[in-house]
Structures are given as C-alpha cells and as structure tokens.
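Since the structure comes first, as structure tokens, the remarks are kept for the end.
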Amino acid sequence: MSDQYIEHLIKIIAKLPSLGTRSARRIVLQLLKKKETLIPQLIQSLKDVEDNITVCEICGNYDTQSPCSICSSTTRERNLLCIVQDISDLWALERGGLYKGLYHVLGGVLSAIEGVTPDDLNIGELLHRIEKEDINEIILALPATVDGQITIHYISSLLKGKNIKISTLAQGIPVGAELDYIDDGTIKLALDMRKQL
Ligand SMILES: [Zn+2]
C-alpha cells in the first residue's frame, strides 16, 4: 500500500510507548500532510535533544547540564530527598511545583519476576549521596505495588541507623498508578500527608 520509507517511519514511531501501528500511521500521515513545516521542526527538535540533553550524574534527571539545574539549585531544600522510580515521576512532581527538595531517580523497582536486583538500580549512588550530602529526610515516592513496597522496605533497611527521617507517600495513589497520571491536587495531598516509616 504505502512506500517503504513511509512504512519504515511508521515502524519506528510504533515502537514508542502507548503508540501502536494504527496511531503511528495517523502520526505519519499528519507529518506528510504538513511536510514543509512539521518535518523540519521535528528534525531540528530531535537534533537539539540529541546534542544537548544529558543524564545528571547525581540524580539521574535529564537536563542540558550535569549536575542538573535541580541538583545545582541554591534555593531548593537540600536536606530533603525524594526517591522516584522513573524520570516521568520526577516530572510529575515538578509539574505542579509542589515539591522543593532534591530527587534521586532509581531507574526501576526491585522485581523477582523481572529479575531486577539492587545492582540494576541506582542504589549504590544513593548511598554515596547520603554519605556526602546533608540529607535528613527521604521521601520514598514509589508505586503502591508489591514490587514498590518491597523496594521501599529494602531501601529503608539500608538507611537504618543513619539518623534520616524516612517517609512514604500517603494513601490516595491508586495501586499500580504512576505519579505521571495523577492530578496535582492528589500529589500535593500525598506529599503533605506523607507517612513516616
Ligand atoms: Zn540532578
């Protein structure tokens, strides 16, 4: 039906999360309809991201600089650290500007089924930060799934005796829901009502 170039682009776009072949086809069709304006903009934007975005060596966030703008900020609460599963959760917390502390991106949660061990997560870096930085409270903003709870238990056991207040997000976040899908009001409530472990 369509050209091999078009098919190839559809295949690439269909690899992106939450997009199947049908959505990818619609996107490609729209790109072709606006070929003169949309495609050069997209090429430029992808190039800008490729050339300029890097992973923060401290927290794991994406930024144009490493350490990122959050880690190098002088106005944030530097003794409060929020541990998140993924960068999308960090973005969700930043979206409403509700949280003023620092972050640490774990890169996943422990999972026996998927074979995710502590070595696969940024836990060594976390312990290193705790030794170096002046952190006195840690919020474990991890999913309310079994794997999330096991990860919370594991990290809090590592932090025992370090004189750090440890809390988890309050109830209100549905089981398995990512922070990214939750409205700012609920996130604020979950932060304000956080429970100390
Ligand atoms: Zn950072």
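First listed ligand is number 1; within each ligand, the first listed atom is number 1.
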statement: Applied to residues 61-74, the side chain to side chain donor-acceptor pair (under 3.5 Å) test, sequence neighbours excluded, yields Glu57-Ser66, Asp63-Ser69, Gln65-Ser72, Ser73-Thr75
- request: Please lay out, stage by stage, how Leu102 and Ile58 fare under the test side chain to side chain contact (heavy atoms under 4.5 Å, CB included).
  value: CA-CA 10 Å; Leu102 304 176; Ile58 296 174; over 6 Å; no
- line: ring pair (Phe, Tyr, Trp, His ring centres under 6.0 Å) pairs touching residues 64-101, sequence neighbours excluded, are Tyr99-Tyr103
Least distance between heavy atoms, Gln85 atom then Pro143 atom: NE2-CG, 3.8 Å
statement: Near the Zn ion (ligand 1), meaning under 2.8 Å, the protein N/O/S atoms are Cys56 SG, Cys59 SG, Cys68 SG, Cys71 SG
- prompt: What pairs meet the side chain to side chain donor-acceptor pair (under 3.5 Å) rule with one or both residues in residues 30-40, with sequence neighbours excluded?
  reply: none
message: Using the rule that Ile, Leu, Val, Met, Phe, Trp and Tyr join whenever any side-chain heavy atoms are under 4.5 Å apart, tell me whether Ile113 and Ile152 fall into a single cluster.
response: no
